[in-house]
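All remarks here apply to the structure that follows.
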Number of protein chains: 2
Amino acid sequence: MPRKPSYDRDALIAQARDIFWRQGWAGTSLKDLESELKLKPGSFYAAFGSKDALYALALQKYLHDSVARMQTLAEELGPLGALKAQPLLVVEAADPPSRVCMLAKTFAELRARDHELSAQAGAHLGEMLECFTALFQQAQARGEIGGDHDPARLAARYQSDLMGLRLSADRDDVDARAIASDIASDIERLRAT
Amino acid sequence: MPRKPSYDRDALIAQARDIFWRQGWAGTSLKDLESELKLKPGSFYAAFGSKDALYALALQKYLHDSVARMQTLAEELGPLGALKAQPLLVVEAADPPSRVCMLAKTFAELRARDHELSAQAGAHLGEMLECFTALFQQAQARGEIGGDHDPARLAARYQSDLMGLRLSADRDDVDARAIASDIASDIERLRAT
DNA sequence: GGCTTTATTGAGTGGTCACTCAAGTATATA
DNA sequence: TATATACTTGAGTGACCACTCAATAAAGCC
């Protein structure tokens, strides 16, 4: 009896993620979303409920894909190799919506209002941090880095540096590759000798 | 003949800077400004012309104060000492509007729209970078760091790390002091032996 | 083909946005 | 004190905001 929707829900979420990522929460209007996703207001609200609900789905997808990418990279290059490769990969990615981390952007934009989406972005940053921590732990377990390092502390510094790098990469008066290379050198320097 | 305004223009700009800093560009309405600055719309527009014009003044003040603070610090602690001290000072500052750098926030928020204020924030980040570069150069000239380092490259990495740190400092699941201390250690490690 | 159930449409909602302007008020000079 | 010159006031502007809903169209099952 039911009629199927004519759109691919998951593709729409990915598209919305890119718009939100580029323009931010306040900078994206329903009109923007409706025209890009080719949905009339009625369909939009039937499908997602609200702008914030769609934004939450977009954040979730962003986190999921980010973690998956790091884990794939770790399978290819090993944990330390993945951590070392990531900075330059981020800088050299072919036209992403923005080089700046969407979680960091959302967290910063909405924190002052105590908006629920800021809390969610913060929680997702925490999950990303755990992902980095796990990789440093694995590197340590493999003996790639010395046992005197604290993986959680290394991960916090690493994530912080990465957020700075990604913001720097959006500027055109800064050599982000040089920064990425220096961050990678810091990782390399941890390698147990 | 003329009547003097009843407000202190410079104090109003500082107040506006704090509101914009905390809430961002899109997150701050004229109503917010009018109620906080105790200005009716007519007075507001007579005094500043537009929301964007006031934001531009706020950015300018932010940059000016930031550079002045670094230079004062350098007079007290020397160039390398100032660079080393700054990370922890930023983290431990008593309730600023936001730990996140206002220039970085503005740049990230408005870049997608090619807003003029984003370009201005970007330019100011460049001036801040020059300030850091000058301090590294001075440290080198004094022989505090080795001659094999490139001050511009050190400054770019330093500024990038600082932006990451300041975002991290707004999270409550991260030990920003530890990150600040690690950044300071990196500076210390440059010291010529 | 008839019927049920859902998707789609787009004009319309009240509210807020940045901003304007004419009228009223206070002050420094002459 | 009279007057010119500002500053101050606040209701009002059209545009846009997120969002609603009744009408219409299309698909699956009998």
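All chains are named by letter (A, B, ...) in the order of the sequence lines, taking the proteins before the strands, and each is independently numbered beginning at 1.
Heavy-atom distances to DNA chain D give each of A:Lys31 and A:Gly42 a nearest nucleotide, and the one nearer the 5′ end belongs to A:Lys31.
Ring geometry for B:His115 versus B:Trp25: interplanar angle over 60°, hence perpendicular rather than tilted (30 to 60°).
Rounded to whole Å, atom P of C:dT16 lies 14 Å from atom CD of B:Glu34. Rounded to a whole Å, the CG atom of B:Leu30 is 15 Å from the C1' atom of D:dG14. If you take CG of B:Leu54 and P of C:dC19, they are 11 Å apart, rounded to a whole angstrom. Here the C1' atom of nucleotide C:dT8 and the CZ atom of A:Phe48 are 14 Å apart, to the nearest Å. The interatomic distance linking A:Tyr45 (OH) with D:dT20 (C1') rounds to 9 Å, in whole Å. Computed from coordinates, the A:Phe44 CZ to D:dC21 C1' distance equals 17 Å when rounded to whole Å.
For B:Lys40, whose side chain is taken as the heavy atoms from C-beta onward, the closest listed nucleotide among D:dT9, D:dA11, D:dC19 is D:dT9.
A distance-only check finds no donor-acceptor pair linking the side chain of B:Ser181 to the backbone of B:Arg177 [under 3.5 Å].
Within the nucleic acid shown, A:Ser29 comes within 4.0 Å of sugar-phosphate atoms alone, with no base atom in reach, counting heavy atoms only.
Side-chain contact of B:Gln137 with B:Arg142: a donor-acceptor pair under 3.5 Å is absent, judged by distance alone. Looking at B:Gln159 and A:Arg171, their side chains do bring a donor and an acceptor atom within 3.5 Å of each other.
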